[in-house]
Structure formats: structure tokens, C-alpha cells
Amino acid sequence: MKYGYFDAEKREYVIDRPDTPAPWANYLGSPAYGSIITGNAGGYSFVESGAAGRILRYRFNEQDCPGRYIYLRDDVSGEFWSASWQPVGADLSEYRSVCRHGTGYTVIGSSYRGIETSTAYYVPTDARHEVWALTVRNAGSEQRTLSVFGYAEFTNEGHYEQDGVNLQYTQFITRTRFQNGLIAQTLNENFVKVAREDDRQCRFLALCGAEADSYCGDREAFLGPYGSYRDPKAVRDGTCDGTLNYGGNACGAVHTRLSLAPGEEKTMVFLVGQKSLSEAAALRERYHRDPKLPGEELSALTSFWHEKLGRLKVRTPDESFDSMINTWNAYQCFITFIWSRAASLTYCGLRNGYGYRDTVQDIQGIIHLSPEQAREKIVFMLSAQVDHGGALPLVKFTHKAGSENTPEDPDYARQTGHPNYRADDALWLFPTVYKYIVETGELSFLDEVVPYANRGEDTVYRHLLRAVEFSLAHTGIHGLPAGLHADWNDCLRLGEKGVSVFVAMQLYYALEILRRFAEKRGEKDRVTEMQSRQTDLADILERECWDGDRYVRGVTQDGQVVGAKCNPEANLWLNPQTWAVISGVAGDERGKVILDRVYEGLNTPYGAQLMAPSFEEFAFDGALALLFNPGMKENGGIFLQSQGWLILAEALLGRGGRAFEYYRESCPAAQNDIAEIRRMEPYAYSQFTESSESPFAGRSWVHWLTGTASTVMVGCVEGILGLRPDLDGLRLIPAIPPEWDSLSVEKVWRGKRLRIDIRNPEERESGCRSLTLNGEPLEGDRIPEEKLLEDNEIILVM
Ligand code: GLC
């Protein structure tokens, strides 16, 4: 079943059937003022913190309510409906809803009984308030008299948990007032001393561009006894009764009446935010006086995003690939980059910092589009590395480089909930820093001095060397990297002596990156050192971890091998196979063997399982995956982040057909027509999909804020499209399905514009037969930077 489609030109996803199988969301604003909005206007808003700064209430895990509701009422017949399908939920045979989720805005349109509405929801660039800009049009042939009600439900406490459960307190601290089109809610009003009453912080809903006919600041009065969002008393009555909140539950509701001649339309704006009363009133005044403002703000927002996303443009024979790479996957990469795991309909915002590995991986998704933003975040993350080379598992939002506490201090665990180092965190720096340097050519970045989290400072290069030292100083059985508190897989407790093969592969990759840097810097001894460490590591892996047709996943503290062929459960794990290829530990030949094994043993119609069979009876102590139902999450689910590595690994082996097959299986856009199975948004990746071991194979969970966005992006850009910059230039090695006869890529690289035409007359799946740059034939598949002009035409024949 299908609930919408992609509008590629506008970079919008259009939901034209509002009864989607789950709330399909979009992101507005930034974590400074953030809003999550669904296709039915559900969702919440917060200031600074998703958990502690919640200003609009949302009931998690419920029926997508409440939301940013606008009710309409025909004042002649008394019939009412809402400008988004929910909450009133008019009969869909008569009610039409079209929701356009765009980059930083959502426009919800409705049409019912001859009245058309369009509401643009957005947070203006860098602003700390949100706008609901409404147009109401009479599309019929008779004069209409209507009422419009805007409704926002404020929390009674910034902390969403307190708001939800501590009613003996939170219900007695809230008050609302009405003044000039604006309902303002204050909390602890007596307690907060300010010089002028007007400077008191309040949450507000304001009506601009129309005059209020009635208002209400109290939820129970608005909804009525036993009332609901579907059938609120005030709307039924055609007027709010003017009740203001003094304890209980607050809301902001403002009502206005309008009369529309046939064909006539009127606009008005509702504003929501948290500011001082005087600032809120001034803001209301601005929008009240200037009806053009929303249009201008929206077009600024659109240009901002479209310019960013436009830095890579692909055109392939596959429309869903293009929609994802040009817009949606890219946009999601920016959202994960900016929001981390701050707030979604799954994450309530309780995490009070940036997860180290998540954040360092998220950066990879935007390097090809916005290296300058990536650089800033890389420096920040390096400053959260401890001076022994390990990294803080969680980097507090209040991070103070140079004087932070670390997992060695009991305080750190108390403040962050992370008791110990994880084996992989700092190793994620290698692919990220390398990608940044080869994207920009800024090798001197390695010499930039950055503080450590706890004390002291060093160059970026030394930070990286220390990251490797940390791994080498924490080894277990066979001298391989210890599993510590966890590796990438949060559910693996391999401990101080147990070892992680995935981390060993990451370490091998790290040594490779350091070797390449050392070579460029002319440090011969270091090159030799890295090479010999790589050889040693590869030898151990070969001796201890190769199991005939697969690499095992690890060894526990007491010597049990995890992921061995003979294990009754979890005997084949995806990540050590893909990372054997990505890191270079397995050469091409072995790479093909293990990835064939993956294809046979782990692939399903919706992607490859993280491991199989799921743990049920034979889990080792420390296999926390057992907590989950078989086929879900880390217990044999299709963990989508790992699909990105699988796509990349197949592409690196030159198997474009396979790479693309994996891409399609797990691509949300490719499942647009079976949205009832996938459930989550067809335009955003989710964290995992249930595998064939679940009765709901194909169902996906944990939308938007997931590492999937960046790994799949890298898998597609570096892998399938084959844009593989290195320290000597830009290598072009596409790995595509053989049936693609051509594709084109436009990209800005190191400040130069590239137009790349890839032609595939012989139905190959990878490789470069000839390459010309501005008419000049080049040797091999690499474009040297110094040969580039401002604008370049590149033709690659496969
Ligand atoms: C979640 C975590 C991530 C972890 C992954 C696998 O996505 O955010 O840090 O690597 O699960 O356990």
C-alpha cells in the first residue's frame, strides 16, 4: 500500500493518504528550538532539551497526540473538522488531506465541504519560536461563515517526566493569561522574581493577522468534561468560554471568526514559543503587521537547505536512489548530525550528551556536502578524547575540554550513566578524519592542536596515534583488542579479557590510515611500524579468528568463541565480514567468500541480519541481545546501519549488482508501495527492520535518528557511485547494477565543480575502462587535483 510520493523537484515527500501506518514525522528548527511534527500535525516542541525543555506536550507511544491543532467550524451548520486530518478525523471519503514534508518545514493542506486550508509549519532560521501560517479559502459558490481555533497544549513542567507523573506538584504551578491575541502560560510565577512583570518567561500561543473572538487557557475547559481532541467542547459550541488556567492543565487556544465570499481566502498565523511576555508580544506584533513574513521566512529556509543538499546531484536509472541521495538521505544525515539522538518520537531527549561513536559516525554522512561543518564537529569530538587515547562514551552537552571528568571518576558514571570505556569509540575517528582530509585536501589538519577532554592538548595526528595506543594497551586473549564495556554492538559485554574481532578490524583499518598519513608526511619509520603492526594483527586474526568461511565475532572472557560455525545460535555475524573487507584484512578473494556466505546465511528480502540464528537458548553471559525478541534489534534483526557497510564492502569488491541489491532491500523509498509492511516513513531510514525470524518481517522501528543515515550514504557515495577521493586525487570507481547504462553525478570537490558522466555500454558492474577530464584522457581511475579547472567535464566509460 502506498500513502504518498516523492516530489523530487520541490524536495518534498507528499503524503496524500493521512492514515499512515505510523506517525510519519519531520524535523523543524534545531535543538535550540526544536519541533517534531507528523503528517497529522502531532508532535512536540522544546527549548534546548528534548527532555527537560519540553514546552508542547506529546504522549509518547500513544495515538500521535496532542499536536499543533487548528480546528475549523461552519458557523451556520455547526459542523467542524480540523486543518490536519487528525484530531477530528473526518470521513476520508469526503475529507482530503495532503501533507508536504520538506526540508525544515511541513505544509498540511485540507479540503472539506468546499473549504480549503493550507498550514505551513516551520521554525524560522535560527529562531526560537515556531510558526503555523494558515490560509483558508472558500472554494465553493456560497458565502461562508467560519470559526478557526488554534490549539496548543503546554506542558506543566519543562521536564516531560515531571509533567507526566508528578501531578501533586506540576498541576499547581501553572497559570495562563490572555492579552492582545496571545495566551501566555507561566510556571512558578510567584517564585520567579523578575524586575518587570513583562520579562517573566512564558510559553505562548499567539494569533496574528486576525483578531481573537474568544480564547481559553485551560485544557479541561477547552475539551469539556470527558471531552477529547476529536470533539472539543469549545469547538462544538463555536466559542471558547474564556477560562484561564490556574492549576490543572494549561493550553493555549485562540478563536477567530471569518466570513469568506466564494473564491476568497484569508491568512493568519499562530505563533508558539517560550519567551518573556514582552518579547512574545513584540513577536506577535511583527507577524500581525507583516503578512508577507511567513512567505519570506519559508523561502529563506528552503534556499538554505536546497543549496546545501544541491552540492551533490545524481541522476541514475533508479528514482528512489536519486530521491534518497539527492534529498532525503542527505537531509537525514544533517538531522542526525545536528540533533544526534536528542529527540524523536522514540527518543524522548533524556540523553544529556553526544554518544561518541554515534556522533563521530554521523559526521561521515555530511562530509561530502558540508566539510566545513564536519571539521568543526570533528575538532569538538577530538576534544572529548581522553589523554590516554580512549574516548568519553558520552560527551556532555556542557562539555568543557581540558577539565572534564572521565570514566575513571565515579562522578562521570553518575552524570552520564556510562560506567566505562567502550572498545570502539575512538577508532571511529579514523574513517571520519580520513574522509574529511581526502574530501578537502587539508592534510595540515593533522597538525592542528586540539585539547584532550581531561587535560593537555596535542595535534590531531597525535590524537589519532593515541587512539591506537589505547587499543593496544587494552588487549585480551590472543593479544586482540579487548571488548571492554561494549564495542559498536551495545549488547556485547566481552569484558577486559574477552576480545572483539570487529574492533580488531577497526584497529587494522586505523593502522592503515596512519600508515597512509605517515607515508605522505615522509615518516618512514612510522610507515614500517604501522605495516608490521598490521601484519601481526592480520596473523592473529588468521590464526585465531578465521573459521573456514567466516570470521568469528569475538572470544569471551572464559574462552568461548562467539560466532563460530559450530555454535547452535548466532554462528554467523555480519559486521566482522564486512569490516574484513572495508579494513583490507581480507583480500578480494577471501572477501568474496565471506560475503557470499553472508548472502546465503544472513540475507532476507529486507536486508541482511546482524547475525543468525537469533539467541534463544544458547547465549553466553554478556550477550545482552538475548533481551530482545528473536529477529529484532541486535538479536538477529536487520540492523540497518550495518547494511551501509555491506553495500560499501560489496562495492569495494566491485560487485555492483550485489551492492545495489542490498541497497534496494533496505531503502525506505524503494518500499514506498509496501509502506504498510515497513510502517516507518518511506523517506527516512530507521534503526532496524524485523527479520524473517519475526512474525512481522519487514516492519521497521526507531526512525530518523540513527547511524543508518550516514553508513548508507557512505555506502552509496563511495561505494555505488564510486567517488573515492584519496590523498593523491579523486578516484572514480563506480560499482553499479550491470543494467544501468549510464548515470551522472554533479559535485563540488575541493572547490571545483565536477560534472561526471558514467557510461556503461558493456553492462559491467564496476571498473573504469577509460577516463577523460575536459577532453584529456587520463591513466587509470584517478583524477589528480592539480588538473582540475573551475568547471570540469569528466567522462568515465566502464
Ligand atoms: C544504537 C546505538 C549505537 C550502537 C548500535 C548497535 O544504534 O545508538 O551506538 O552502535 O545501536 O548496538
Side-chain angles (χ1 to χ4, degrees), residues 50 332-333 335-337 339-344 346-365 381 384 391-395 416-418 420-429 431-432 483-494 500-503 505-506 553-554 562-563 570 573-576 578-579 582 607-611 614-615 619 622-628 631-646 666 680 684-691 700-714:
Q332 187 178 0
C333 283
I335 297 295
T336 57
F337 174 83
W339 289 65
S340 186
R341 304 297 174 267
S344 69
T346 317
Y347 288 108
C348 62
L350 266 186
R351 211 188 258 192
N352 59 349
Y354 298 99
Y356 201 90
R357 83 163 76 90
D358 290 352
T359 306
V360 176
Q361 291 175 86
D362 290 344
I363 297 170
Q364 291 180 27
M381 293 312 288
L392 296 177
L394 194 86
V395 188
T416 65
H418 287 267
N420 225 324
Y421 290 98
R422 300 182 300 198
D424 64 321
D425 280 326
L427 293 177
W428 291 107
L429 290 167
T432 304
L484 305 186
H485 190 65
D487 65 6
W488 170 87
N489 190 323
D490 281 335
C491 297
L492 277 184
R493 297 277 176 278
L494 292 163
S500 161
V501 173
F502 185 178
V503 175
M505 308 270 181
Q506 284 185 273
R553 181 61 173 83
V562 180
W573 291 66
L574 178 57
N575 291 330
T578 52
W579 270 82
I582 294 168
Q609 288 175 265
L610 190 60
M611 52 79 154
S614 304
F615 283 124
L624 301 186
L626 188 63
L627 295 168
F628 299 115
M632 294 188 117
K633 293 270 282 188
E634 283 93 337
N635 196 15
I638 299 160
F639 218 90
L640 292 161
Q641 193 181 356
S642 296
Q643 306 303 298
W645 297 323
L646 183 52
S666 51
M680 298 271 81
Y685 280 99
S686 34
Q687 185 197 66
F688 80 95
T689 299
E690 290 172 64
S691 71
S700 301
W701 298 90
V702 192
H703 65 170
W704 279 98
L705 303 183
T706 156
T708 315
S710 67
T711 59
V712 177
M713 181 55 94
V714 171

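Every number for a ligand or one of its atoms is a count from 1 in the order of the listing.
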*asked:* My understanding is that only residues two or more places apart in sequence, or in another chain, count here; which of them pass side-chain contact (heavy atoms from CB on, under 4.5 Å) with Thr706?
replied: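 Testing Thr706 for side-chain contact (heavy atoms from CB on, under 4.5 Å), a comparison that skips the adjacent residues, returns Gln332, Gln687, Thr708.
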_Counterpart residues, side-chain contact (heavy atoms from CB on, under 4.5 Å), relative to Thr416 (two or more places apart)_ =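 So Thr416 forms a side-chain contact (heavy atoms from CB on, under 4.5 Å) with Leu394, Lys396, Tyr412, His418.
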*Option with minimal heavy-atom separation from atom 12 (O) of ligand 1, where the choices are Arg422, Glu634, Arg357*: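 Of the listed residues, Glu634 has the closest heavy atom.
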Please state which protein non-hydrogen atom is closest to [atom] and give its distance, to 0.1 Å?
atom: atom 4 (C) of ligand 1; value: Trp488 O, 3.2 Å
atom: atom 11 (O) of ligand 1; value: Phe639 CZ, 3.4 Å
atom: atom 1 (C) of ligand 1; value: Gln687 NE2, 3.6 Å
atom: atom 3 (C) of ligand 1; value: Asp358 OD1, 3.2 Å

*Take every heavy atom of Thr706, measure it against each atom of ligand 1, and state whether any distance is under 4.0 Å.*
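Heavy atoms of Thr706 never come under 4.0 Å of ligand 1.
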*Polar side chain donor-acceptor pair, Gln609 to Ser691, under 3.5 angstrom*: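 Gln609 vs Ser691: donor-acceptor pair found between side chains.
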*Any N or O on Gln641 sitting closer than 3.5 Å to an N or O of ligand 1?*
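No: no nitrogen or oxygen of Gln641 is under 3.5 Å from one in ligand 1.
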*Looking only at atom types and distance, does a side-chain atom of Asn635 sit under 3.5 Å from a main-chain N or O of Leu626, one as donor and one as acceptor?*
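Not confirmed, Asn635 side chain does not pair with Leu626 backbone.
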_Centroid-centroid distance, Phe639 to Trp488, less than 6.0 Å_ =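 Yes, the ring centres sit under 6.0 Å apart.
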*If you count the atoms of ligand 1 from 1 in the order shown, which ones are under 4.0 Å from a heavy atom of Asn489?*
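Selected atoms, number and element: 12 (O).
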*Roughly how far, to the nearest 0.5 Å, is the OG atom of Ser666 from the CG atom of Leu640?*
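OG of Ser666 is found 6.0 Å from CG of Leu640.
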_Asp490, portion touching ligand 1 at heavy-atom distance under 4.0 Å_ =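 It is both parts that get close, each with some atom under 4.0 Å.
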*Is there a side-chain contact between Met680 and Trp704, using heavy atoms and a 4.5 Å cut-off?*
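Not in contact.
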